[in-house]
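Counting starts at 1 for both ligands and their atoms, following the listed order. Please read all numbers here as calculations on a predicted model, not as lab measurements.
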Amino acid sequence: MYDVIVIGSGPGGYVAAIRCAQLGLKTAIVEKYPTLGGTCLNVGCIPSKALLDSSEHYHNAAHSFETHGIKLSNLKVDLKQMIARKEDVVKQNTDGINYLMKKNKIDVHQGVGSFVDKTTVKVTKDDGTASDIQGKNIIIATGSKPSTLPFIKIDKDRVITSTETLNLKEIPKHLVVIGGGVIGLELGSVYGRMGSKVSVIEYMDSLIPTMDRTMGKELQKSLKKIGFEFFLKHKVTAVESKGKEVTVKAENSKGETVEVKGDYVLVSIGRRPYTDGLNAEAAGVKITDRGQVEVNDHLQTNVPNIYAIGDVVKGAMLAHKAEEEGVFVAETILGQKPHINYNLIPGVVYTWPEVAAVGYTEEQLKEKGIKYKTGKFPFMASGRARASMDTDGLVKVLADAETDEILGVHMIGPRTADMIAEAVVAMEYRASAEDIARMSHAHPTYTEAFKEACLAATDNRALHI
Ligand code: FAD
């Protein structure tokens, strides 16, 4: 009998397993695929960032090296090699999880995990053989899968999801992206930088619509520069595929039908929680109408010894959110009292410029009736950004009008994915804008833009604009 069985080895599941083992619990992990690491390591965060990095190198070589005084001739993309390097990066990471499981003495069971009852999990291997394992506690970490619209048939050839987009054999001439959210814009950028025409069709009136609206507007301007075109406020009504041509039909706000033709269409309208094959009913675990495993504030299901974490429960579908929840549940099982501040989970879009945010957006503050002040600093005014020719974007700080406490930080610009960590720390310690404004930031760094935006929010005291 295990103390804990974790079903699913994504960032939620494998981190939960490690923390359980660290706390001295006898732990097993069940994973249906041959490699560990889940969506994030195999077909999500890691491979997409590998391709984003490669395509960024190419784009810089093609478009800005000459200005730097570096001359190249015969520059070409070797897509096969690019994808092979990406695969190698994935392997290094998934092998790393194998090592961590061994190091922490966690038993790995390969096969589909399904509930027999509330303490028994049947593990069915690909060859059909099955065995039962028992656990006092069970953590469901089965993640998510790409979702689609009922009238779209994903053929995985021309009409594809993020998974296939990470493994294309050719650079699309024209990639049509349905959905202007994080995944569509990141993968659109990969191919856009290498010469594909990219058309993004988005139902809402802004890109990355859940983020602060300034970010969507700024990102749209930057992506236009690399050849993206946008159809905002367009509702996709049909996707047709004939030979090598795909046609996406969408209705604009006037009710007219617009047709966009390309050679590939990426359907990136979001992800759905995944519980197929889990047989949750056998344990009596409740699934919501939206397909999520229902949990309380302790991430406990309606069955007290069964917990659920990550993409399969409510909240942001992010790897680091899943990881925090993995640690939280392990410590909860041991009777500790952990805490997650969901408002301070940062969100990042790895386009160029990168977008990163934490805390409230301006729209949310208005909706809540909280009085706030705004401080902005454009990267155009940053010496570091000018040195690297990365001057698109800005940092925007929202602080409480009376107390000066930082309530939200929204950044678009170079390396903001890393810069946002400073804002998270500041906000966890409930810093005021002036606190940050009075701290020394190394010169010249991009981080000075955050300090300057804080100075601007404090008392309109930015020094370099
Ligand atoms: P998952 O990673 O989905 O893992 C679930 C695992 O459970 C899978 O391995 C699955 O095979 C296994 N499983 C399911 N059912 C069973 C069963 N019955 N038995 C056994 N095993 C089972 N997030 C970020 O934070 N940053 C990013 O940059 C980022 N980029 C992304 C890019 C792309 C293209 C995509 C698709 C996603 C990206 N995400 C990113 C989201 C991130 O991948 C997810 O939020 C994260 O993987 C969720 O972790 P999880 O542990 O909940 O589930």
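Near Arg271, with a cut-off below 4.0 Å to any heavy atom, the atoms of ligand 1 are 36 (C). Atoms of ligand 1 lying under 4.0 Å from any heavy atom of Met317, numbered from 1 in the order shown and given with element: 41 (C), 45 (O). Every atom of ligand 1 with a heavy atom of Gly12 under 4.0 Å away is listed here by number and element: 51 (O). Here is the list of ligand 1 atoms found below 4.0 Å of a heavy atom in Val112: 18 (N), 19 (N). Short contacts between ligand 1 and Ile7, defined as distances under 4.0 Å to a heavy atom of the residue, involve ligand atoms 17 (C), 19 (N), 20 (C). Every atom of ligand 1 with a heavy atom of Val43 under 4.0 Å away is listed here by number and element: 34 (C), 36 (C). Close contacts between ligand 1 and Tyr350 involve ligand atoms 28 (O) [criterion: under 4.0 Å to a heavy atom]. For ligand 1, the atoms sitting less than 4.0 Å from at least one non-hydrogen atom of Ala141 are 5 (C), 6 (C), 7 (O), numbered in the order shown with element in parentheses.
Looking at atom 49 (O) of ligand 1, its nearest protein heavy atom turns out to be Pro11 CD, 3.4 Å. Given atom 16 (C) of ligand 1, the protein heavy atom at minimum distance is Thr142 CG2, 3.6 Å. Taking atom 8 (C) of ligand 1 as the reference point, the nearest protein heavy-atom neighbour is Glu31 OE1, 3.5 Å. Scanning all protein heavy atoms for the shortest distance to atom 53 (O) of ligand 1 gives Gly143 CA, 3.2 Å. Of the protein's heavy atoms, Gly113 N, 2.8 Å lies nearest to atom 19 (N) of ligand 1. The protein atom (non-hydrogen) at minimum distance from atom 44 (C) of ligand 1 is Asp311 OD2, 3.3 Å. Nearest protein heavy-atom neighbour of atom 7 (O) of ligand 1: Gly8 CA, 3.2 Å.
Considering both main-chain and side-chain atoms, Gly277 never comes within under 3.5 Å of ligand 1 through any nitrogen or oxygen pair. Considering backbone and side-chain N/O atoms, Thr39 comes within less than 3.5 Å of an N/O atom of ligand 1. Between His320 and ligand 1, an N or O atom pair is found at a separation short of 3.5 Å. For ligand 1, the polar-atom distance check finds an N/O of Ala319 within less than 3.5 Å of one of the ligand's N/O atoms. For ligand 1, the polar-atom distance check against Leu318 finds a nitrogen or oxygen pair separated by under 3.5 Å. Ligand 1 has no N or O atom lying under 3.5 Å from any N or O atom of Tyr33, backbone or side chain. Looking at ligand 1, you'll find an N or O of Lys49 within less than 3.5 Å of one of its N or O atoms. Residue contacts with ligand 1: Lys32 is placed with a nitrogen or oxygen under 3.5 Å of a nitrogen or oxygen of the ligand (distance criterion only).
Under the rule for a side-chain contact (heavy atoms from CB on, under 4.5 Å), the partners of Glu281 that lie at least two apart in sequence or sit in another chain are Asn279. Considering only residues two or more places apart in sequence or on other chains, Tyr33 meets the side-chain contact (heavy atoms from CB on, under 4.5 Å) condition with Glu31, Lys145.
Selection from Ser268, Ser144, Gly10 by nearest heavy atom to atom 4 (O) of ligand 1 gives Gly10. Nearest-residue assignment for atom 42 (C) of ligand 1 (options Gly38, Gly44, Cys45; heavy-atom criterion): Cys45.
Counted by atom type alone, Asp212 and Thr361 present zero donor-acceptor pairs between their side chains at under 3.5 Å. A donor-acceptor contact closer than 3.5 angstrom is absent between the side chains of Arg272 and Ser147. Asp392 and Trp352 share no side-chain donor-acceptor pair at under 3.5 Å. Side chain to side chain, His174 and Ser199 meet the donor-acceptor criterion of an N or O pair below 3.5 Å. A side-chain donor from one of Tyr264 and Glu170 sits under 3.5 Å from a side-chain acceptor of the other. Between the side chains of Thr214 and Lys396, at least one donor-acceptor pair of N or O atoms lies under 3.5 Å. Using modelled atom types, one finds a donor on one side chain and an acceptor on the other under 3.5 Å when comparing Tyr342 with Glu325. Of the N and O atoms on the side chains of Glu164 and Thr161, at least one donor lies less than 3.5 Å from an acceptor on the other residue.
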Yes or no on side-chain contact (heavy atoms from CB on, under 4.5 Å) for Phe115 and Thr120, after CA distance, side-chain angles and deciding distance? CA-CA 6 Å; Phe115 282 101; Thr120 312; over 6 Å; no
Could you give me the CA-CA distance, side-chain angles and deciding distance for Val312 and Thr275, then say whether side-chain contact (heavy atoms from CB on, under 4.5 Å) is met? CA-CA 8 Å; Val312 80; Thr275 53; 3.6 Å; yes
Under the side-chain hydrogen bond (donor to acceptor under 3.5 Å, both in side chains) criterion, do Tyr2 and Asn137 qualify, and how do the steps go? CA-CA 8 Å; Tyr2 288 105; Asn137 298 284; over 6 Å; no
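Under 4.0 angstrom from ligand 1, there are no non-hydrogen atoms of Ser114.
Heavy-atom distances between Leu166 and ligand 1 stay at or above 4.0 Å for every pair. Distances from ligand 1 to the non-hydrogen atoms of Ile183 include at least one value under 4.0 Å. Under the 4.0 angstrom criterion for non-hydrogen atoms, Gly111 is in contact with ligand 1.
When all heavy atoms of Gly24 and Asp3 are compared, the pair lying nearest together is O-OD2, 4.3 Å. A pairwise comparison of heavy atoms in Leu266 and Gly184 identifies CD2-CA, 4.2 Å as the closest pair.
A donor-acceptor pair under 3.5 Å is formed between the side chain of Thr237 and the backbone N or O of Lys249.
A cation-pi geometry, defined here as NZ or CZ lying under 6.0 Å from the six-membered ring centre and within 45° of its normal, holds between Arg384 and Tyr446.
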